[in-house]
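Here's the structure we're looking at; comments come further down.
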Amino acid sequence: MKAYHFTKGNKLRDGRPLPAIGEWLEHTGPIVPCESGLHASEHPFDALQYAPGEMLHLVEIDGELVTHGDPPDKVVGRRRRIIASIDATDLLREFARWCALQVIHLWECPDVVRRYIETGDESIRAAARDAAWAAWDAAMAAAWAAAR
């Protein structure tokens, strides 16, 4: 079956180097979701919750397959090979900004934060992060003061 798998850079979760595109990776031990075997998800959104990093791979997974979750959010198999790969950093940041925009109305967002979320302008990313943390600190201080 075709599925999706994330990695951090060019390493697998266990530290082994990422195999070349088309090269089969094989697992010889038991096939147990979250414990042992070669994992992937049918949808990239499901794979995202297990992502250790920014590299997204379209993979083929086969052999003895065991699903995980209800509904299933990942599958574990005996063999997996990469069909194609992309560095999804920009895509993941765009998705994160889209998610933030869905709830931005729930807080008094500093202007620089709103501009970054709306535009993705990397030149203001650090300032937006600092302003967001300052707003968080102020909100926590106010909450603690009210609780006292």
Tell me the closest heavy-atom pair linking Ile117 and Ala100, and the distance in Å. CD1-CB, 3.9 Å
CG of Asp130 to CD1 of Ile124, rounded to nearest 0.5 Å, is 12.0 Å
Drop me the distance from Leu92's CG to Leu48's CG, to the nearest 0.5 angstrom. 6.0 Å
Below 30° counts as parallel, above 60° as perpendicular, anything between as tilted: where do the rings of Trp98 and Phe95 land? parallel
With no hydrogens and no angle check, do the side chains of Asp73 and Tyr50 hold a donor and an acceptor under 3.5 Å apart? yes
Starting at CG of Leu18, measure out to CG of Asn10 and round the result to the nearest 0.5 Å. 6.5 Å
Show the numbers, then the answer: is there a salt bridge (Lys or Arg N to Asp or Glu O under 4.0 Å) between Glu60 and Arg81? CA-CA 5 Å; Glu60 184 177 353; Arg81 71 176 166 181; 2.9 Å; yes
Is it true that, when you exclude Gln49 itself, more than 12 heavy atoms of the residues, nucleotides or ligands shown sit nearer than 6.0 Å to its CD? yes
Within this structure, what is the OG-CD1 distance for the pair Ser85 and Ile21, rounded to the nearest 0.5 Å? 4.5 Å
Using the rule given for side-chain contact (heavy atoms from CB on, under 4.5 Å), can you reason through Leu101 versus Glu118, listing the C-alpha separation, both sets of side-chain angles and the distance that settles it, and then say yes or no? CA-CA 7 Å; Leu101 279 172; Glu118 290 174 345; 3.9 Å; yes
For Trp136, does the CH2 atom have more than 12 heavy-atom neighbours from other residues, nucleotides or ligands under 6.0 Å away? no
Are Val59 and Trp24 co-members of a hydrophobic cluster defined by side-chain heavy atoms under 4.5 Å apart? no
Please tell me whether Leu65 and Ile31 are part of a single hydrophobic cluster in this structure, the criterion being side-chain heavy atoms less than 4.5 Å apart. no
Find out whether Arg93 and Glu122 are in side-chain contact, i.e. whether some heavy atom of one side chain is under 4.5 Å from a heavy atom of the other. yes
Assess whether atom CD of Glu94 is packed by more than 12 heavy atoms of other residues, nucleotides or ligands within 6.0 Å. no
Determine whether a donor-acceptor pair (N or O, by modelled atom type, separation under 3.5 Å) exists between the side chain of Arg78 and the backbone of His27. yes
Should we say atom CG of Asp137 is surrounded by more than 12 heavy atoms from elsewhere, each under 6.0 Å from it? yes
When rounded to the nearest 0.5 angstrom, what distance separates CG in Leu91 from CG in Leu56? 8.0 Å
His57 side chain reached by Ile83 side chain, heavy atoms, under 4.5 Å: no
Under a 4.5 Å side-chain heavy-atom rule over Ile, Leu, Val, Met, Phe, Trp and Tyr, are Trp144 and Trp133 clustered together? yes
Whether the side chain of Ser41 engages the backbone of His43 through a donor-acceptor N/O pair (distance < 3.5 Å, no angle test) should be reported. no
Considering the options His68, Met1, Glu42, which one meets the side-chain contact (heavy atoms from CB on, under 4.5 Å) requirement together with Val75? Met1
Specify the closest pair of heavy atoms between Val32 and His39, including all atoms of both residues, with the distance to one decimal. O-NE2, 4.0 Å
Assigning hydrophobic clusters by single linkage (Ile, Leu, Val, Met, Phe, Trp, Tyr; side-chain heavy-atom cutoff under 4.5 Å), is Leu12 placed with Leu38? yes
If every non-hydrogen atom of Thr67 is compared with every non-hydrogen atom of Pro72, which pair is closest and at what distance? CB-CB, 4.0 Å
Atom pair CD (Glu108) and NE2 (His105), whose distance is rounded to the nearest 0.5 Å: 13.5 Å
Identify the heavy atoms of Val76 and Pro33 that sit nearest to each other, and give their distance. CG2-CA, 3.4 Å
Could you tell me which non-hydrogen atom of Val113 sits nearest to which non-hydrogen atom of Ala131, and how far apart they are? CG2-CB, 3.9 Å
Answer yes or no: is there a side-chain heavy-atom contact under 4.5 Å between Val112 and Arg115? yes
Closest non-hydrogen atom pair between Met55 and Gly9, with its separation: CG-O, 3.4 Å
Does the pair Glu54/Lys8 count as a salt bridge with the N-to-O cut at 4.0 Å? yes
List in chain and number order the residues that pass side-chain hydrogen bond (donor to acceptor under 3.5 Å, both in side chains) with Thr28, two or more places apart in sequence or in another chain; answer none if no residue qualifies. none
Please name all residues satisfying side-chain hydrogen bond (donor to acceptor under 3.5 Å, both in side chains) with Asp90, sequence neighbours left out, ordered by chain then number. none
